[in-house]
Amino acid sequence: MKFYNLNFHKENKNFSQVLKIGLGKNQGLFFPMNLPKLNNKIIQDLLDLNFIDRSSYIISLFLNEKEILLETLKTKIQKAFNFPLLLKLIDKNIACLELFYGPTLAFKDFGVRFMAQMLNFFNKKSKIIILTATSGDTGAAVAHAFYNMKNIEVIILYPYKKISILQEKLFCTLGDNIKTIAIKGNFDDCQKLIKQVLNDKELKKELCLNSANSINISRLIAQICYYFEAYAQIPLNQRKKKIIISVPSGNFGNLTAGLIAKTIGLPIYKFIAATNINDTIPRYLKKGYWKPKKTISTLSNAMDVSIPNNWPRVIEIFNKNNWNLKKLESNSITDIQTTETIKNVYNKYKYILEPHSAVSFCALKSQIFKKDTFNIFLGTAHPAKFQDYIYNTLNQKIILPSILINCMKKKNLSHILSNNFSNLKEFLIKNYII
Ligand SMILES: *Cc1c(COP(=O)(O)O)cnc(C)c1O
């Protein structure tokens, strides 16, 4: 399969190329050229396969056999998806797709670990440097996915003293090929610095730089797989109902993957795009004008985005399928609603949500009372990541998974730098150009 640039249609590339460059000319996102439409029989056969075999088939649709053999691809997918995922029923017609059993306890492990396996496979010669800015989840996923890979160096920037100690320990204690830098500024400053590095002529000439952000199509391709797994785990007596999936959204990569799954034939009736109070998309869909506001900090902080970078891909999917964008339901949820939802769901079902999953649950709204629907909301992070907040809200102690306990004991290896490009450049030259 080829991928074309949404801002420059003449630019076509295959998977291994878009994997390495991320963005195309004119800052354009890549999009699959011919999304296949699988018939019912194939979909049913796929649903009978196990997660790894099914995922290998789905992902192989996007690659060429010439680029990577199916058998090799399968071993890479096995390494990337080496943890379980569960569709947890909390009522007859409501389930949480629990995507948080990976090494960093958030769904980002799926996409980033697949990307890491692919980059490691397709890049055997030169040394690549992966640069990422993080406000938490992405940095941890990137650090663990690339840890110990030869020929790949990772640099992660994050805002000094602005992320929780638990989050920090999860990715700043690894060492080896993973360097972490606390920047005395906020998340936007970190992102700005990365852009400056990626655009610096001298650094570009000396270093092979890449960013692992959700603009990279490889991450989205991996995420298609868990929508199929969700469907495969729906109880048989519920499958005839309308399947509704609520996706807690920030940059809208997760939703894009779900919409691609539907495009290639997975029978999902409807998606709901759930956001927190950063509501650019719900307002756009209701009122028809694009007016991002300043980003506001919320409890579901991984979704604090006001200009979602995958939105052009969502639009492309609707256009190509001749779907009406008005049919995309999108609900914005406040922090007060988020906390109320966590309390209500615990009282009613004895199920503990964290803020991101609570936003996706709450956005289902009246759907759950309809008898002809089966409702899935995505659980994107493990509640243990929000231990203190949950203790204050529910008076419940959460047992920390062993990975968190282990890294809490380790030393933080981060460097601290001021919010200043020339300092960062000096650091890169000193450490990577000899
Ligand atoms: C990144 C993230 C999201 C948002 O996903 P997008 O693909 O950016 O829309 C939701 N929840 C959690 C826990 C995340 O880390």
Side-chain angles (χ1 to χ4, degrees), residues 29 85 96-115 132-145 158 163-164 166-167 170-171 187 191 212-224 226-227 245-261 271-282 295 297-314 317 328 330-333 338 342 352-363 377-386 389-390:
L29 299 170
L85 70 157
C96 178
L97 181 62
E98 297 184 337
L99 299 170
F100 45 71
Y101 296 113
T104 70
L105 308 172
F107 82 100
K108 296 216 163 62
D109 284 325
F110 285 94
V112 174
R113 289 176 68 77
F114 175 68
M115 179 181 173
T132 299
T134 188
S135 51
D137 291 336
T138 304
V142 167
H144 284 261
Y158 65 97
I163 69 175
S164 76
L166 207 76
Q167 274 183 322
L170 197 48
F171 69 97
F187 173 66
Q191 229 163 2
N213 58 29
S214 71
I215 274 167
N216 200 295
I217 193 88
S218 64
R219 285 178 54 178
L220 303 189
I221 290 172
Q223 289 172 238
I224 297 168
Y226 56 65
Y227 287 94
I245 303 186
S246 177
V247 185
S249 298
N251 271 317
F252 282 71
N254 214 350
L255 183 73
T256 304
L259 291 168
I260 294 177
F271 282 95
I272 298 175
T275 71
N276 57 32
I277 196 73
N278 295 290
D279 62 348
T280 307
I281 298 303
T295 309
S297 298
T298 72
L299 293 170
S300 47
N301 63 321
M303 291 152 59
D304 292 347
V305 179
S306 51
I307 306 178
N309 60 21
N310 277 296
W311 186 247
R313 286 185 171 131
V314 174
I317 294 171
L328 177 64
S330 183
N331 298 323
S332 153
I333 308 298
T338 303
I342 290 173
I352 298 181
L353 294 170
E354 52 74 43
H356 305 81
S357 322
V359 167
S360 64
F361 180 92
C362 189
F377 63 98
L378 301 198
T380 46
H382 196 294
K385 283 191 145 176
F386 299 86
Y389 163 76
I390 285 169

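Atoms within each ligand, like the ligands themselves, are counted from 1 in listed order.
To the nearest 0.5 Å, the span separating OH on Y389 from OG on S164 amounts to 14.5 Å.
Checked by atom type and distance alone, the side chain of N251 pairs as donor or acceptor with a backbone atom of N309 at under 3.5 Å. At distances below 3.5 Å, not a single donor-acceptor pair connects side-chain atoms of S249 with backbone N or O atoms of A273.
F110 is linked by a ring-ring contact (aromatic ring centres under 6.0 Å, His included) to F81, F83, Y226, counting only residues two or more places apart in sequence or in another chain. By the salt bridge (Lys or Arg N to Asp or Glu O under 4.0 Å) test, D137 pairs with K385, sequence neighbours left out. Residues passing the ring-ring contact (aromatic ring centres under 6.0 Å, His included) test with F107, sequence neighbours excluded: none.
Annotation: ligand 1 has protein neighbours F107, K108, D137, P248, S249, G250, N251, F252, G253, N254, A302, M303, H356, T380, A381, each with a heavy atom less than 4.0 angstrom from the ligand.
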